[in-house]
Amino acid sequence: MSTAREQPIFSTRAHVFQIDPTTKRNWIPAGKHALTVSYFYDATRNVYRIISIGGAKAIINSTVTPNMTFTKTSQKFGQWADSRANTVYGLGFASEQHLTQFAEKFQEVKEAARLAREKSQDGGELTSPALGLVSHQVPPSPLVSANGPGEEKLFRSQSADAPGPTERERLKKMLSEGSVGEVQWEAEFFALQDSNNKLAGALREANAAAAQWRQQLEAQRAEAERLRQRVAELEAQAAAETAPVIEKEVPSQSLEQLEALVQTKDQEIQTLKNQTGGPRETPDAAEREETQQKVQDLETRNAELEHQLRATERSLEEARAERERARAEVGRAAQLLDVRLFELSELREGLARLAEATP
(Lines give C-alpha, C1' and ligand atoms only; values in the text may rest on other atoms or scores of the structure.)
Protein backbone atom coordinates (compact mmCIF):
# COMPACT_ATOMS: atom_id res chain seq x y z
CA MET A 1 0.00 0.00 0.00
CA SER A 2 1.44 3.34 -1.04
CA THR A 3 0.15 6.85 -0.40
CA ALA A 4 2.65 8.57 -2.69
CA ARG A 5 -0.06 9.59 -5.18
CA GLU A 6 -2.62 10.36 -2.47
CA GLN A 7 -2.97 13.56 -0.48
CA PRO A 8 -4.07 13.67 3.17
CA ILE A 9 -7.10 15.91 3.68
CA PHE A 10 -7.67 15.37 7.41
CA SER A 11 -5.71 13.76 10.25
CA THR A 12 -6.36 13.07 13.92
CA ARG A 13 -5.14 10.74 16.67
CA ALA A 14 -7.18 7.96 18.24
CA HIS A 15 -6.93 4.49 19.74
CA VAL A 16 -7.68 2.00 16.96
CA PHE A 17 -9.72 -1.18 17.48
CA GLN A 18 -10.94 -4.00 15.23
CA ILE A 19 -13.77 -6.41 15.91
CA ASP A 20 -12.74 -9.90 16.96
CA PRO A 21 -13.24 -12.07 13.84
CA THR A 22 -14.03 -15.06 16.05
CA THR A 23 -16.59 -13.70 18.51
CA LYS A 24 -17.79 -10.84 16.29
CA ARG A 25 -18.51 -8.83 19.45
CA ASN A 26 -15.24 -8.13 21.28
CA TRP A 27 -12.80 -5.40 20.37
CA ILE A 28 -9.13 -6.08 19.71
CA PRO A 29 -6.89 -3.00 20.25
CA ALA A 30 -4.33 -2.28 17.55
CA GLY A 31 -1.81 -1.03 20.11
CA LYS A 32 -1.30 0.47 23.54
CA HIS A 33 -0.97 4.04 22.25
CA ALA A 34 -2.99 6.34 20.05
CA LEU A 35 -2.25 6.26 16.32
CA THR A 36 -2.63 8.81 13.54
CA VAL A 37 -5.79 8.24 11.50
CA SER A 38 -6.05 10.17 8.20
CA TYR A 39 -8.43 10.66 5.29
CA PHE A 40 -6.62 10.36 1.94
CA TYR A 41 -7.87 11.32 -1.51
CA ASP A 42 -6.58 9.57 -4.61
CA ALA A 43 -7.16 12.01 -7.46
CA THR A 44 -6.16 9.43 -10.07
CA ARG A 45 -8.78 6.88 -9.02
CA ASN A 46 -11.17 9.43 -7.47
CA VAL A 47 -11.23 7.38 -4.26
CA TYR A 48 -11.31 8.39 -0.59
CA ARG A 49 -9.66 6.16 1.98
CA ILE A 50 -9.17 6.07 5.76
CA ILE A 51 -5.63 4.99 6.56
CA SER A 52 -3.76 4.41 9.83
CA ILE A 53 -0.18 3.14 9.96
CA GLY A 54 1.24 1.36 13.00
CA GLY A 55 4.99 0.87 12.55
CA ALA A 56 5.43 -0.67 9.10
CA LYS A 57 1.92 -2.14 9.03
CA ALA A 58 -1.34 -0.65 7.76
CA ILE A 59 -3.78 -1.00 10.67
CA ILE A 60 -6.63 0.67 8.76
CA ASN A 61 -6.94 0.71 4.96
CA SER A 62 -10.62 1.36 4.38
CA THR A 63 -12.08 2.73 1.14
CA VAL A 64 -15.03 5.01 1.91
CA THR A 65 -18.18 4.11 -0.01
CA PRO A 66 -21.65 5.70 0.01
CA ASN A 67 -23.02 2.64 1.83
CA MET A 68 -20.85 3.13 4.90
CA THR A 69 -22.13 4.67 8.10
CA PHE A 70 -20.06 6.08 10.95
CA THR A 71 -21.85 5.67 14.28
CA LYS A 72 -21.05 7.38 17.57
CA THR A 73 -21.48 4.79 20.32
CA SER A 74 -20.37 7.06 23.16
CA GLN A 75 -19.03 10.55 23.75
CA LYS A 76 -15.52 9.50 22.70
CA PHE A 77 -16.00 6.35 20.62
CA GLY A 78 -17.21 5.74 17.09
CA GLN A 79 -17.16 2.87 14.57
CA TRP A 80 -17.94 1.88 11.01
CA ALA A 81 -18.18 -1.37 9.08
CA ASP A 82 -16.01 -2.12 6.03
CA SER A 83 -17.59 -4.87 3.92
CA ARG A 84 -14.57 -5.20 1.68
CA ALA A 85 -12.28 -5.88 4.64
CA ASN A 86 -15.06 -7.87 6.34
CA THR A 87 -14.42 -6.13 9.64
CA VAL A 88 -15.57 -3.30 11.86
CA TYR A 89 -13.20 -0.51 12.87
CA GLY A 90 -13.53 1.36 16.16
CA LEU A 91 -11.83 4.60 17.18
CA GLY A 92 -11.47 5.90 20.73
CA PHE A 93 -10.78 9.64 20.82
CA ALA A 94 -9.33 11.84 23.55
CA SER A 95 -12.33 14.17 23.52
CA GLU A 96 -15.85 14.46 22.14
CA GLN A 97 -14.72 17.34 19.91
CA HIS A 98 -12.23 15.09 18.08
CA LEU A 99 -14.93 12.47 17.59
CA THR A 100 -17.33 15.06 16.18
CA GLN A 101 -14.72 16.39 13.76
CA PHE A 102 -13.94 12.89 12.50
CA ALA A 103 -17.65 12.09 12.09
CA GLU A 104 -18.31 15.30 10.15
CA LYS A 105 -15.38 14.60 7.86
CA PHE A 106 -16.68 11.04 7.36
CA GLN A 107 -20.01 12.46 6.15
CA GLU A 108 -18.24 14.86 3.78
CA VAL A 109 -16.07 12.09 2.33
CA LYS A 110 -19.06 9.76 2.08
CA GLU A 111 -21.03 12.39 0.16
CA ALA A 112 -18.07 12.97 -2.17
CA ALA A 113 -17.82 9.22 -2.75
CA ARG A 114 -21.57 9.11 -3.53
CA LEU A 115 -21.25 11.86 -6.13
CA ALA A 116 -18.29 10.09 -7.71
CA ARG A 117 -20.25 6.86 -7.79
CA GLU A 118 -23.28 8.47 -9.46
CA LYS A 119 -21.09 9.91 -12.16
CA SER A 120 -19.42 6.56 -12.82
CA GLN A 121 -22.54 4.34 -12.73
CA ASP A 122 -23.46 2.67 -16.01
CA GLY A 123 -26.23 0.11 -16.48
CA GLY A 124 -26.73 -0.47 -12.75
CA GLU A 125 -23.14 -1.61 -12.20
CA LEU A 126 -20.31 0.23 -10.52
CA THR A 127 -17.56 0.09 -13.08
CA SER A 128 -15.65 3.01 -11.65
CA PRO A 129 -11.96 2.15 -11.31
CA ALA A 130 -11.89 4.36 -8.24
CA LEU A 131 -14.18 2.00 -6.34
CA GLY A 132 -13.36 -1.19 -8.21
CA LEU A 133 -16.60 -2.81 -6.97
CA VAL A 134 -19.82 -4.12 -8.53
CA SER A 135 -22.92 -3.55 -6.47
CA HIS A 136 -24.01 -7.15 -6.51
CA GLN A 137 -20.53 -8.30 -5.41
CA VAL A 138 -20.77 -6.71 -1.96
CA PRO A 139 -21.79 -9.47 0.46
CA PRO A 140 -23.57 -8.65 3.71
CA SER A 141 -21.23 -8.42 6.63
CA PRO A 142 -22.12 -10.30 9.81
CA LEU A 143 -20.10 -7.93 11.99
CA VAL A 144 -21.64 -6.68 15.20
CA SER A 145 -20.57 -4.15 17.83
CA ALA A 146 -21.90 -2.65 21.04
CA ASN A 147 -22.99 0.95 20.52
CA GLY A 148 -23.40 2.14 24.09
CA PRO A 149 -25.55 1.42 27.12
CA GLY A 150 -29.09 0.34 26.34
CA GLU A 151 -28.51 0.07 22.56
CA GLU A 152 -28.26 -2.92 20.29
CA LYS A 153 -27.23 -2.05 16.73
CA LEU A 154 -26.21 -4.24 13.85
CA PHE A 155 -23.22 -3.30 11.69
CA ARG A 156 -22.95 -4.81 8.27
CA SER A 157 -22.63 -3.69 4.65
CA GLN A 158 -25.33 -1.35 3.39
CA SER A 159 -25.84 -3.39 0.23
CA ALA A 160 -29.05 -4.09 -1.58
CA ASP A 161 -29.31 -7.49 0.13
CA ALA A 162 -31.20 -7.29 3.43
CA PRO A 163 -30.52 -9.79 6.24
CA GLY A 164 -33.13 -12.43 6.95
CA PRO A 165 -35.01 -12.66 10.22
CA THR A 166 -32.98 -15.68 11.34
CA GLU A 167 -29.68 -13.85 10.77
CA ARG A 168 -30.99 -10.78 12.58
CA GLU A 169 -32.10 -12.82 15.60
CA ARG A 170 -28.77 -14.64 15.73
CA LEU A 171 -26.83 -11.39 15.69
CA LYS A 172 -29.03 -9.87 18.37
CA LYS A 173 -28.45 -12.90 20.55
CA MET A 174 -24.66 -12.62 20.09
CA LEU A 175 -24.85 -8.95 21.01
CA SER A 176 -26.88 -9.63 24.16
CA GLU A 177 -24.29 -12.12 25.40
CA GLY A 178 -21.55 -9.50 25.69
CA SER A 179 -21.17 -6.41 27.81
CA VAL A 180 -22.90 -3.46 26.16
CA GLY A 181 -20.47 -0.92 27.52
CA GLU A 182 -17.30 -2.94 26.86
CA VAL A 183 -16.24 -0.75 23.96
CA GLN A 184 -16.56 2.44 25.99
CA TRP A 185 -14.60 1.02 28.91
CA GLU A 186 -11.85 -0.30 26.67
CA ALA A 187 -11.48 3.05 24.91
CA GLU A 188 -11.46 4.92 28.23
CA PHE A 189 -8.96 2.43 29.63
CA PHE A 190 -6.47 2.90 26.80
CA ALA A 191 -6.89 6.68 26.89
CA LEU A 192 -6.20 6.68 30.64
CA GLN A 193 -3.29 4.30 30.16
CA ASP A 194 -1.75 6.60 27.57
CA SER A 195 -2.20 9.60 29.87
CA ASN A 196 -0.76 7.65 32.78
CA ASN A 197 2.31 6.69 30.75
CA LYS A 198 2.89 10.33 29.87
CA LEU A 199 2.54 11.40 33.51
CA ALA A 200 4.84 8.60 34.65
CA GLY A 201 7.45 9.68 32.10
CA ALA A 202 7.20 13.30 33.24
CA LEU A 203 7.52 12.19 36.88
CA ARG A 204 10.60 10.11 36.09
CA GLU A 205 12.19 13.06 34.32
CA ALA A 206 11.39 15.33 37.28
CA ASN A 207 12.84 12.80 39.73
CA ALA A 208 15.98 12.44 37.62
CA ALA A 209 16.36 16.24 37.46
CA ALA A 210 15.83 16.48 41.23
CA ALA A 211 18.44 13.78 41.86
CA GLN A 212 20.90 15.56 39.60
CA TRP A 213 20.25 18.85 41.40
CA ARG A 214 20.75 17.14 44.75
CA GLN A 215 24.11 15.83 43.55
CA GLN A 216 25.07 19.32 42.40
CA LEU A 217 23.95 20.72 45.74
CA GLU A 218 26.10 18.22 47.65
CA ALA A 219 29.05 19.01 45.38
CA GLN A 220 28.53 22.76 45.96
CA ARG A 221 28.35 22.20 49.70
CA ALA A 222 31.56 20.17 49.67
CA GLU A 223 33.25 22.86 47.57
CA ALA A 224 32.04 25.60 49.93
CA GLU A 225 33.33 23.66 52.94
CA ARG A 226 36.68 23.15 51.26
CA LEU A 227 36.91 26.86 50.49
CA ARG A 228 36.06 27.72 54.11
CA GLN A 229 38.83 25.46 55.33
CA ARG A 230 41.22 26.96 52.80
CA VAL A 231 40.34 30.49 53.92
CA ALA A 232 40.85 29.47 57.56
CA GLU A 233 44.23 27.96 56.70
CA LEU A 234 45.28 31.08 54.81
CA GLU A 235 44.19 33.31 57.67
CA ALA A 236 46.12 31.16 60.15
CA GLN A 237 49.14 31.20 57.86
CA ALA A 238 48.90 34.96 57.50
CA ALA A 239 48.64 35.35 61.27
CA ALA A 240 51.65 33.06 61.78
CA GLU A 241 53.70 34.98 59.24
CA THR A 242 52.81 38.32 60.82
CA ALA A 243 54.73 37.52 64.00
CA PRO A 244 58.09 36.93 62.26
CA VAL A 245 57.49 40.07 60.24
CA ILE A 246 56.99 42.02 63.45
CA GLU A 247 60.11 40.42 64.86
CA LYS A 248 61.96 41.34 61.69
CA GLU A 249 60.73 44.89 62.00
CA VAL A 250 62.49 45.13 65.37
CA PRO A 251 65.95 44.88 63.77
CA SER A 252 64.73 47.32 61.15
CA GLN A 253 64.09 49.76 63.95
CA SER A 254 67.74 49.43 64.97
CA LEU A 255 69.01 50.12 61.45
CA GLU A 256 69.60 53.69 62.40
CA GLN A 257 71.59 52.54 65.42
CA LEU A 258 73.67 50.23 63.20
CA GLU A 259 74.25 53.02 60.73
CA ALA A 260 75.27 55.33 63.54
CA LEU A 261 77.60 52.64 64.90
CA VAL A 262 79.12 52.17 61.45
CA GLN A 263 79.66 55.90 61.14
CA THR A 264 81.24 55.97 64.58
CA LYS A 265 83.60 53.14 63.66
CA ASP A 266 84.46 54.87 60.42
CA GLN A 267 85.37 57.97 62.37
CA GLU A 268 87.50 55.94 64.76
CA ILE A 269 89.23 54.26 61.81
CA GLN A 270 89.88 57.60 60.23
CA THR A 271 91.18 58.97 63.50
CA LEU A 272 93.51 56.01 63.94
CA LYS A 273 94.70 56.36 60.36
CA ASN A 274 95.44 60.02 60.98
CA GLN A 275 97.21 59.15 64.13
CA THR A 276 99.31 56.49 62.47
CA GLY A 277 99.99 58.55 59.39
CA GLY A 278 100.84 61.79 61.22
CA PRO A 279 104.18 62.77 62.76
CA ARG A 280 104.88 61.39 66.19
CA GLU A 281 107.52 62.43 68.58
CA THR A 282 108.42 58.93 69.72
CA PRO A 283 107.32 56.35 67.22
CA ASP A 284 106.81 52.98 68.79
CA ALA A 285 106.70 49.99 66.46
CA ALA A 286 104.72 47.85 68.86
CA GLU A 287 102.09 50.51 69.42
CA ARG A 288 101.82 51.12 65.70
CA GLU A 289 101.23 47.46 65.00
CA GLU A 290 98.63 47.36 67.72
CA THR A 291 96.91 50.35 66.22
CA GLN A 292 96.94 48.82 62.77
CA GLN A 293 95.49 45.64 64.17
CA LYS A 294 92.69 47.63 65.78
CA VAL A 295 92.04 49.33 62.44
CA GLN A 296 91.78 45.98 60.68
CA ASP A 297 89.48 44.65 63.36
CA LEU A 298 87.30 47.70 63.07
CA GLU A 299 87.17 47.37 59.30
CA THR A 300 86.24 43.70 59.59
CA ARG A 301 83.57 44.52 62.11
CA ASN A 302 82.32 47.32 59.90
CA ALA A 303 82.04 44.93 56.93
CA GLU A 304 80.15 42.43 59.05
CA LEU A 305 77.74 45.11 60.23
CA GLU A 306 77.16 46.26 56.65
CA HIS A 307 76.52 42.66 55.56
CA GLN A 308 74.14 42.18 58.49
CA LEU A 309 72.38 45.41 57.57
CA ARG A 310 71.88 44.34 53.94
CA ALA A 311 70.65 40.86 55.02
CA THR A 312 68.19 42.44 57.43
CA GLU A 313 66.87 44.74 54.71
CA ARG A 314 66.44 41.81 52.31
CA SER A 315 64.60 39.76 54.95
CA LEU A 316 62.34 42.68 55.67
CA GLU A 317 61.45 43.11 51.98
CA GLU A 318 60.81 39.39 51.55
CA ALA A 319 58.57 39.34 54.61
CA ARG A 320 56.58 42.29 53.31
CA ALA A 321 56.20 40.68 49.86
CA GLU A 322 55.11 37.39 51.42
CA ARG A 323 52.55 39.17 53.54
CA GLU A 324 51.13 40.93 50.46
CA ARG A 325 50.91 37.62 48.58
CA ALA A 326 49.11 36.02 51.53
CA ARG A 327 46.66 38.92 51.66
CA ALA A 328 45.99 38.68 47.91
CA GLU A 329 45.40 34.92 48.10
CA VAL A 330 43.04 35.37 51.04
CA GLY A 331 41.12 37.99 49.03
CA ARG A 332 40.84 35.69 46.00
CA ALA A 333 39.67 32.81 48.16
CA ALA A 334 37.06 35.04 49.81
CA GLN A 335 35.75 36.16 46.39
CA LEU A 336 35.56 32.56 45.17
CA LEU A 337 33.73 31.59 48.34
CA ASP A 338 31.20 34.40 47.76
CA VAL A 339 30.57 33.12 44.20
CA ARG A 340 30.12 29.54 45.40
CA LEU A 341 27.74 30.65 48.13
CA PHE A 342 25.69 32.62 45.58
CA GLU A 343 25.51 29.58 43.27
CA LEU A 344 24.52 27.41 46.23
CA SER A 345 21.74 29.83 47.08
CA GLU A 346 20.42 29.77 43.50
CA LEU A 347 20.57 25.95 43.49
CA ARG A 348 18.55 25.80 46.71
CA GLU A 349 15.92 28.13 45.25
CA GLY A 350 15.70 25.98 42.11
CA LEU A 351 15.24 22.83 44.21
CA ALA A 352 12.53 24.54 46.23
CA ARG A 353 10.67 25.57 43.05
CA LEU A 354 11.01 22.05 41.66
CA ALA A 355 9.67 20.54 44.91
CA GLU A 356 6.68 22.88 44.79
CA ALA A 357 5.96 22.06 41.12
CA THR A 358 6.27 18.27 41.57
CA PRO A 359 2.89 16.76 42.57
Side-chain angles (χ1 to χ4, degrees), residues 11-17 27-38 52-57 59 74-77 91-99 101 184-243 245 321-359:
S11 294
T12 185
R13 290 187 65 83
H15 290 274
V16 179
F17 300 86
W27 288 107
I28 300 177
K32 295 182 179 180
H33 305 286
L35 301 175
T36 300
V37 182
S38 303
S52 178
I53 305 295
K57 180 182 177 182
I59 307 299
S74 69
Q75 292 183 348
K76 298 181 182 180
F77 195 88
L91 298 179
F93 295 90
S95 66
E96 185 177 2
Q97 179 183 2
H98 293 161
L99 173 60
Q101 292 176 352
Q184 304 173 22
W185 290 112
E186 286 183 354
E188 292 292 338
F189 169 74
F190 282 104
L192 290 175
Q193 189 178 39
D194 192 21
S195 177
N196 182 64
N197 291 335
K198 292 180 181 179
L199 290 175
L203 182 59
R204 284 194 297 269
E205 293 178 359
N207 290 335
Q212 184 178 4
W213 280 25
R214 289 191 189 99
Q215 293 177 358
Q216 293 180 358
L217 178 61
E218 294 298 329
Q220 294 289 345
R221 286 178 177 173
E223 181 69 13
E225 185 63 26
R226 188 186 67 82
L227 290 175
R228 287 195 188 96
Q229 294 178 359
R230 179 59 179 165
V231 169
E233 292 175 0
L234 291 175
E235 289 178 350
Q237 182 179 357
E241 291 176 352
T242 303
V245 169
E322 184 67 23
R323 183 172 59 183
E324 292 298 327
R325 284 195 299 269
R327 287 179 179 175
E329 189 172 356
V330 169
R332 287 193 298 270
Q335 292 178 356
L336 183 58
L337 179 61
D338 292 339
V339 173
R340 294 299 184 185
L341 290 176
F342 179 73
E343 293 177 354
L344 183 61
S345 175
E346 288 187 340
L347 187 57
R348 286 177 178 173
E349 292 178 358
L351 283 175
R353 291 193 297 270
L354 180 61
E356 293 176 358
T358 303

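In this text, all values refer to a predicted model and were calculated from it rather than measured experimentally. Numbers here are sequence positions counted from 1.
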### Query
Just how far is it from atom CZ of R226 to atom CD of E233, taken to the nearest 0.5 Å?
10.0 Å
### Task
Measure the CG-CD distance between L336 and E223 for me, rounded to the nearest 0.5 Å.
6.5 Å
### Query
Distance-only, no hydrogens or angles: does the T36 side chain make a donor-acceptor pair with backbone N or O of R13 under 3.5 Å?
no
### Message
What verdict does the side-chain contact (heavy atoms from CB on, under 4.5 Å) test give for L234 and R332, after you've listed the backbone C-alpha separation in whole Å, the side-chain angles of each residue and the deciding distance to 0.1 Å?
### Response
CA-CA 11 Å; L234 291 175; R332 287 193 298 270; over 6 Å; no
### Message
Does L337 form a side-chain contact (heavy atoms from CB on, under 4.5 Å) with R228? I'd like the steps, not just the answer.
### Response
CA-CA 7 Å; L337 179 61; R228 287 195 188 96; 4.2 Å; yes
For the student: nearest non-hydrogen atoms of [X] and [Y], plus distance:
{"X": "L217", "Y": "R348", "result": "CD1-CG, 4.0 Å"}
{"X": "A206", "Y": "L354", "result": "O-CD2, 4.2 Å"}
{"X": "G54", "Y": "I59", "result": "N-CG1, 3.6 Å"}
{"X": "A333", "Y": "V231", "result": "CB-CG2, 3.7 Å"}
{"X": "K32", "Y": "H15", "result": "O-CE1, 3.7 Å"}
{"X": "R340", "Y": "Q220", "result": "CD-OE1, 3.9 Å"}

### Query
Please walk me through it: do L91 and V16 pass side-chain contact (heavy atoms from CB on, under 4.5 Å)?
CA-CA 5 Å; L91 298 179; V16 179; 3.9 Å; yes
### Message
Let's go through Q101 and T12 carefully: what are the C-alpha distance in whole Å and the side-chain angles of both, what is the deciding distance for side-chain contact (heavy atoms from CB on, under 4.5 Å) to 0.1 Å, and is it a yes or a no?
### Response
CA-CA 9 Å; Q101 292 176 352; T12 185; 5.7 Å; no
### Task
Take the angle between the ring planes of F17 and W27 and call it parallel below 30°, perpendicular above 60°, tilted in between.
perpendicular
